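As structure tokens, the structure follows; a few thoughts come after it.
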There are 2 protein chains.
Amino acid sequence: MFFKNIDLIKALYYSKTASLNDLSIDTGRSIPYVTKGVADLVKLNIVKEIGIRTSSGGRKPATYSLIADTGFIISVAMNQFVTRIVIVNMNNEFVGDVQEFELKLNDNNNAIHSLIAHINATVIKSGLPQDKFLAVGITMPGFIDAFQGNNLSFLQSPDETLVTYIAKQVELPVFIENDSTSIALAEQKFGLPIARSNSMIINLGWGIGLGMIINKEIFKGHSGFAGEFSHLPLHKNGKLCSCGKQGCLETEASLLAIEAKATEGLKQGEVSSLVKYDTVSADNIIDEALKGDAFAVKIISEAAYFIGQGLAILLHLMNPESIILSGKGSVIGKLWLSPIQQAMNEHCIPHLTTYTQLAVSNLGNDAQLLGGVTTVIENLYKLSPQVSISEPA
Amino acid sequence: MFFKNIDLIKALYYSKTASLNDLSIDTGRSIPYVTKGVADLVKLNIVKEIGIRTSSGGRKPATYSLIADTGFIISVAMNQFVTRIVIVNMNNEFVGDVQEFELKLNDNNNAIHSLIAHINATVIKSGLPQDKFLAVGITMPGFIDAFQGNNLSFLQSPDETLVTYIAKQVELPVFIENDSTSIALAEQKFGLPIARSNSMIINLGWGIGLGMIINKEIFKGHSGFAGEFSHLPLHKNGKLCSCGKQGCLETEASLLAIEAKATEGLKQGEVSSLVKYDTVSADNIIDEALKGDAFAVKIISEAAYFIGQGLAILLHLMNPESIILSGKGSVIGKLWLSPIQQAMNEHCIPHLTTYTQLAVSNLGNDAQLLGGVTTVIENLYKLSPQVSISEPA
DNA sequence: CTAAACTTTTTAAAAAAATTAAAAAGATTT
DNA sequence: AAATCTTTTTAATTTTTTTAAAAAGTTTAG
């Protein structure tokens, strides 16, 4: 589709509209370089001039944007139980509704075929021609080798990599990324400005994921295992974790642990509006906590306090500009905030917490879907140019 | 002294001798650029061609080095009780002996003047002319603002910054850096190759310092507080830490804690060769442990195990290529290794430890002195050129 | 209210640096 | 021993940045 000036397209995608000056800063390239590049992109009908912006005492700059329907991205956000799919245009706007359906990742041989069928259905339903789609960005839990395109934990594919397998079936390029990593990228690119440079982004989900933005880059460690926040050995509770170890943070603080605690509490006769459910799900607890049920609030607060203890450790080591609560659980962000802040204050050296802002994401449940988009944008340079080769004269 | 090509000088200093190709890789600049730059430096008598190196099937490259006596650096390594000074040439060789003297940092109004006197004495004793010295690199504990040149914990100077105050008195440029940070830089530049890109460097000293190398850069966090390993809240022992909190790692695992435990143990009647000392110092414990004293080995092992517990957390979060044990305490590195490794294995998710190498520094007690040198080299670009301005024609 | 002074953006010209291509020097293979 | 292959060095070309100048606004002073 486009081969040159990928860096300009990336910067324009993330900023939505920008002046030549903005683009020069965002890409780290000189103004003449950017000027030439944008002129080329305008000629190719990929970028258009939007208009003139106000200025604070000087010439008004021309501003540019990507043309919305130049291309479309398919974002697939998976968790252990549910998958969502949405089509996104070049102005980062959702096109059509978000498709949501159940898809169990554990012990499900059919998962990969179900996923492919849903992606293909989405393409067809959209009515858009196949060649308008740039790529599919899949985000999901598990240990993911984004470079090779494999998930070592879920969705094994025979012989070839997961990404090539799916790509063949959907006839589109496919990129894959870990859910927490993708959420961190989404927060960095589309979230609060304090998440841009040095930020710890917590994915409150079935586990407790962490994506680290260090010096404006996502950090994955030497072999891709960095950010294993969920398995920090902080508790002497003897509870066995899925990882095989005991006392991991997630045995006390994940949504799964919260579900288990609620079920156990109700069995012990706790008074709560949760009794009306046959089996209590995390969603039920969130709902009732929002309505003010004391028991639901209490077990969430307890979990939050443990997370805050873990964050205190993160603060000592990383001294980030911000900690962002994101992911599924962040829709009840306000409920987590105060016990987390309290635990951080209690466990940090004096004044340390004053240097880090704790905030709830403004992207809510869209974070992972936007993360899938980011995954595609970051890999744009890998898309082979579909050149129509003209005959030599 | 030299204004252009500082990047080449830096690369040459760290590699000691290098071909044009090596320098191109190390500096990230093109070969023509490096070729031109080195030719200029040779003309200025800063660099000389050393000879021709063997090659694996191709033309033999010319190799270059800095000229040893072009300039000299004064490195000052301080800890809570003792300060060391040495002069280092442009080939990273110590010139003359390392000066060592007692200098208490706590509650000592005279500390700063004593320090200045010793630096000046070193200059005079060397017999080298003042203008041959490039700068003084001071490394010491405390929270240091390297950019402003202040130490917020020790050596307060009135009105002006610590660095300007000392610079005036010694009539040389002065740079300052935190001891653990400087040790990490020394390990990265002069130590084991596994410490180059992603490494956690532990400074086993009166506290337990940490310097983090992330993506080939030292990482200090958003406001300079990153790497507070010593104060990780890992213990529920009720012991008050110097930071004002309770249960910090250093209350169990620093050399100070080890001293306290030994003294207490002897009072309880432990059998040990340590009984022969009036008051037991960390050095005594190290000596006797090396000689095989069971009690000394035991309390060091206990501390090591706690450090290993802390390192397990670091492994989960950072997934580094290596962990390097450095600093004063690393001279008994072998004694720490096995309990640390054991604690790491016990507290990490399965297989995680296989991705990180644990090693003892090969720089030993010189690490901090070399760190002072690195501090100067990294700030070389700040040295104002002493140009002899010629009259316009 | 208008002209001068100041800011910011855009365009143009010059300089710097990187990329590509070619040549040189040596090691390895046939 | 000649031909082939590697690596380093030099040269030519292209790309990119830096610097300077011009253009288009805003703000301030009289």
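All values reported here derive from a predicted model rather than from experimental measurement. Lettering of chains follows the sequences in order, A, B, ..., and the numbering in each one begins at 1.
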Provide, to the nearest angstrom, the distance between the CD1 atom belonging to Ile52(A) and the P atom belonging to dT8(C).
17 Å
Rounded to whole Å, please give me the gap between CD1 in Ile31(B) and C1' in dA16(C).
18 Å
Residue mapping more 5' on DNA chain C - nearest nucleotide basis, Gly28(B) or Leu20(A)
Leu20(A)
Residues in side-chain hydrogen bond (donor to acceptor under 3.5 Å, both in side chains) contact with Thr17(A), at least two apart in sequence or another chain:
none
Nearest-nucleotide comparison on DNA chain D, the residue closer to the 5′ end among Ser56(A) and Gly58(B)
Gly58(B)
Give a yes/no answer on whether the side chain of Arg59(B) brings an N or O atom under 4.0 Å of OP1 or OP2 in dA27(C).
no
Given that Gly57(A) and Pro32(A) both sit by DNA chain C, which one's nearest nucleotide is further toward the 5' end?
Gly57(A)
Using only heavy-atom distances, determine whether the side chains of Asn319(B) and Ser223(A) contain a donor-acceptor pair under 3.5 Å.
yes
Does a side-chain heavy-atom distance below 4.5 Å link Arg196(B) with Ile213(B)?
no
Phosphate-side-chain proximity, Lys60(B) and dA27(C), N/O vs OP1/OP2 below 4.0 Å:
yes
Using chain B heavy atoms and a threshold of under 4.0 Å, write down where along DNA chain D the contacts begin and end, 5' to 3'.
dT6(D) to dA11(D)
Less than 3.5 Å apart, any donor N or O on the side chain of Ser361(A) or Glu187(A) sitting next to an acceptor on the other?
yes
Indicate whether the side chain of Asn21(A) and that of Ser24(A) have a donor and an acceptor atom separated by less than 3.5 Å.
no
Sidechain-backbone polar pair: Thr63(A) side chain, Gly51(A) backbone, donor-acceptor under 3.5 Å
yes
